[in-house]
Amino acid sequence: MTADAGFSHRLLGWYDRSARVLPWRVPPGSDAVPDPYAVWMAEVMLQQTTVAAVAGYFERFMTRWPTVGDLAAAEDADVMAAWAGLGYYTRARNLLACARAVVADHGGAFPDSEAGLRALPGVGDYTAASVAAIAFGRAAVVVDANIERVVARHRLILTPLPAAKRAVKAALAPLVPAARPGDFAQAMMDLGATICIPRSPACGICPLLADCRARGRDDIDRIPAKAPKKAKPQRHGLAHWIERDGKLWLVRRPDKGMLGGMRALPGGEWTAEAPRESGIVSVDHSFTHFDLRLTLVRRKVSDAAAEGEWWPISDLDAAGLPTLYRKLTDKMLERVA
DNA sequence: AACCCGTGGGT
DNA sequence: TACCCAAGGGT
């Protein structure tokens, strides 16, 4: 057996014993055929998002829209509301755009090649490779943050990310087996998520320890190296509580920018300066690249903008507000109660 | 390449 | 607490 074959043999052997049970996964050894729609749905939801956060959303989406045709026919607002709370809302718009492209341009069947998948909205290098491997058995080279870490350590690639990604992909390519490329990719990700974790990896139980070039190093927590993070600026904003007959005035945010396309409370721009006006309640919310203090102020019905909708306060859950606004309205209603 | 884009859990 | 991090993509 070659060294490369030994790698995948040990990895897949471990996976056969230790694979995580996940709602979107076909267990190793099963005769079940993966549903490309389900694989794609899971991969998009999992972009920069934890397994625990995705599970419930995946189940709800698959129940409500069981096929790509069902999703393609859905109302935009329904899909955005169903995505609320999961974050990175561009994904939800691209999810719909992709479903509609599959129906309109591919007869309702996902392309079965990496290149064909890569051309779809919201499908980048990672997602194209993972769907090609997991759903269609293609020997694609799948590289996510887990696999970057596993390979960077195993091959002792010390170049900082993101520049190291090219070297990681080159090192991984000859290791991908023709026989079970989908299980290979999932096994690498499981290994990175459960054993070869960012801090204090469990090297003692790693199936790849024997020839790991980072074995025994005291700096393994810092492999792969990453560029230092920038400080987050603080911003402030106002949100308007406009109430009439038990209903709240909601608007839809522009498609581009923060919380794009989502329902929201109306309000002004978010700026570096704190507002002079004192509000009813405030929430602090941390985004990826800035922190926000959002303050709720009451406004008159005559201040409602031209575009918007009156939403029953008793059914605010169904509005699909992003977490920022959900926190604010929860706090407001808690105060009233 | 560098920056924008959410959220919640772990430490 | 404050920081790190996650099955990344678009621009």
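In the text below, chain A, chain B and the rest are named by the order of the sequence lines, each starting its count at 1. Being a predicted model, the structure only gives us computed values, none of them experimental.
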### Message
If I take atom CG in residue A:D284 and atom C1' in nucleotide B:dT7, what distance separates them, rounded to the nearest angstrom?
### Response
15 Å
#### Entry: Nucleotide C:dC3, atom P - distance to CG of A:D221 in whole Å
19 Å
### Task
Name the nucleic acid region contacted by A:G85, choosing base, sugar-phosphate or nothing; use a 4.0 angstrom heavy-atom cut-off, strictly under.
sugar-phosphate
### Task
State, yes or no, whether a side-chain contact exists between A:M332 and A:L316 at a heavy-atom distance under 4.5 Å.
no
### Task
Using a 4.0 Å heavy-atom cut-off across all strands, classify A:T323 as base, sugar-phosphate, or nothing.
sugar-phosphate
### Task
For the side chain of A:T50, starting at C-beta, report the closest nucleotide among B:dC5, B:dG8, C:dA7.
B:dG8
### Query
Can you tell which of B:dT7, C:dA6, C:dA7 lies closest to the side chain of A:L324?
B:dT7
### Task
With heavy atoms under 4.0 Å as the rule, sort A:K327 into base, sugar-phosphate or nothing.
nothing
### Task
Please evaluate the base of B:dG8 for a donor-acceptor partner in the side chain of A:T49 within a cut-off of under 3.5 Å?
no
### Message
Between A:L22 and A:F58, is there a side-chain heavy-atom distance shorter than 4.5 Å?
### Response
no
### Task
Remember a base hit wins even if backbone is also touched, and classify A:A53 as base, sugar-phosphate or nothing at under 4.0 Å, heavy atoms.
nothing
### Message
Testing the basics here: between A:A319 and A:L250, what is the closest heavy-atom pair and its distance to 0.1 Å?
### Response
CB-CD1, 3.8 Å
### Query
Using atom P of each nucleotide, how far apart are C:dA7 and B:dT11 to the nearest Å?
14 Å
### Query
What is the distance from CG of A:N94 to P of B:dC5, rounded to the nearest Å?
15 Å
### Task
Report the nucleotide, chosen from C:dG9, B:dG6, C:dA7, that has the shortest atom-to-atom distance to any side-chain atom of A:Q47.
C:dG9
### Task
Give the nucleotide from the list C:dA7, C:dG10, C:dC4 with an atom nearest to the side chain of A:R20.
C:dA7
### Message
Which heavy atom of A:M262 sits nearest to which heavy atom of A:G320, and what is that distance?
### Response
CE-O, 3.6 Å
### Along DNA chain B (nearest heavy atom to each residue), the more 5'-positioned of A:P162 and A:K232
A:P162
#### Entry: For C:dT11, the Watson-Crick or wobble partner whose two distances fall under 3.5 Å
B:dA2
### Message
So if I take every side-chain heavy atom of A:Y89 and compare against C:dG8, C:dA7, B:dT7, which nucleotide ends up nearest?
### Response
B:dT7
## Note on the structure
DNA chain C nearest-nucleotide lookup for A:T288 and A:V123: closer to the 5′ end is A:T288
### Query
Among C:dG8, C:dC4, C:dA7, which nucleotide sits nearest the side chain of A:L22?
C:dA7
### Whole-Å distance separating the CD1 atom of A:I223 from the P atom of C:dC5
14 Å
### Message
Categorize A:R149 for me: base, sugar-phosphate, or nothing, with a 4.0 angstrom heavy-atom threshold over every strand shown.
### Response
sugar-phosphate
### Message
If the cut-off is 4.0 Å, is A:Q48 near the phosphate of C:dA6, judged by side-chain N/O to OP1 or OP2?
### Response
no
### Query
Got more than 12 heavy atoms from elsewhere within 6.0 Å of CZ, A:R155?
no
### A:L259 CG to B:dT7 C1', straight-line distance once rounded to whole Å
11 Å
### Task
Check every atom of C:dC4, C:dA7, B:dG6 against the side chain of A:K229 and return the nucleotide holding the closest atom.
C:dC4
### Query
For A:T127, which contact category applies under a 4.0 Å heavy-atom criterion: base, sugar-phosphate, or nothing?
sugar-phosphate
### 5′-ward residue of the pair A:K230/A:M258 relative to DNA chain B
A:K230
### Message
Students often get this wrong, so: under 4.0 angstrom with heavy atoms, is A:L95 touching a base, only sugar-phosphate, or nothing?
### Response
nothing
### Summary
Here the distance between atom P of B:dG6 and atom OH of A:Y57, to the nearest Å, is 13 Å
### Task
Calculate the interatomic distance between A:R93 atom CZ and B:dC4 atom P; express it in whole Å.
17 Å
### Query
So, for A:V142 and A:A133, which heavy atoms are closest and what is the spacing to 0.1 Å?
CG2-CB, 4.1 Å
### Message
Output the rounded distance in Å from CZ (A:R263) to C1' (B:dG6).
### Response
19 Å
### Task
Identify whether any heavy atom of A:W40 sits under 4.0 Å from a base atom; if not, whether one sits that close to sugar-phosphate; answer base, sugar-phosphate or nothing.
nothing
### Message
Please tell me if A:R199 has a side-chain N or O lying less than 4.0 Å from either OP1 or OP2 of B:dT11.
### Response
no
### Query
Nearest to the side chain of A:M189 - C:dA6, B:dC5, C:dA7?
C:dA7
### Task
Take A:M45 and A:F61, measure what side chain to side chain contact (heavy atoms under 4.5 Å, CB included) needs, and give me the verdict at the end.
CA-CA 10 Å; A:M45 288 183 167; A:F61 270 67; 3.5 Å; yes
### Message
Quick check on B:dT7: is either OP1 or OP2 less than 4.0 Å from any side-chain nitrogen or oxygen of A:H285?
### Response
yes
### Query
If you look at every strand shown and take non-hydrogen atoms under 4.0 Å, does A:T90 touch a base, only sugar-phosphate, or nothing?
nothing
### Message
Between A:G124 and A:K226, which residue's closest nucleotide on DNA chain C lies nearer the 5′ terminus?
### Response
A:K226
### Summary
Checking B:dC4, B:dG6, C:dG8 against the side chain of A:R91 (C-beta onward), the nearest is B:dG6
### Between C:dG9 and B:dA1 - C1' atom distance, rounded Å
15 Å
### Message
Is there a ring-ring contact (aromatic ring centres under 6.0 Å, His included) between A:H285 and A:F287? Walk through the geometry before answering.
### Response
CA-CA 7 Å; A:H285 192 75; A:F287 291 111; 4.8 Å; yes
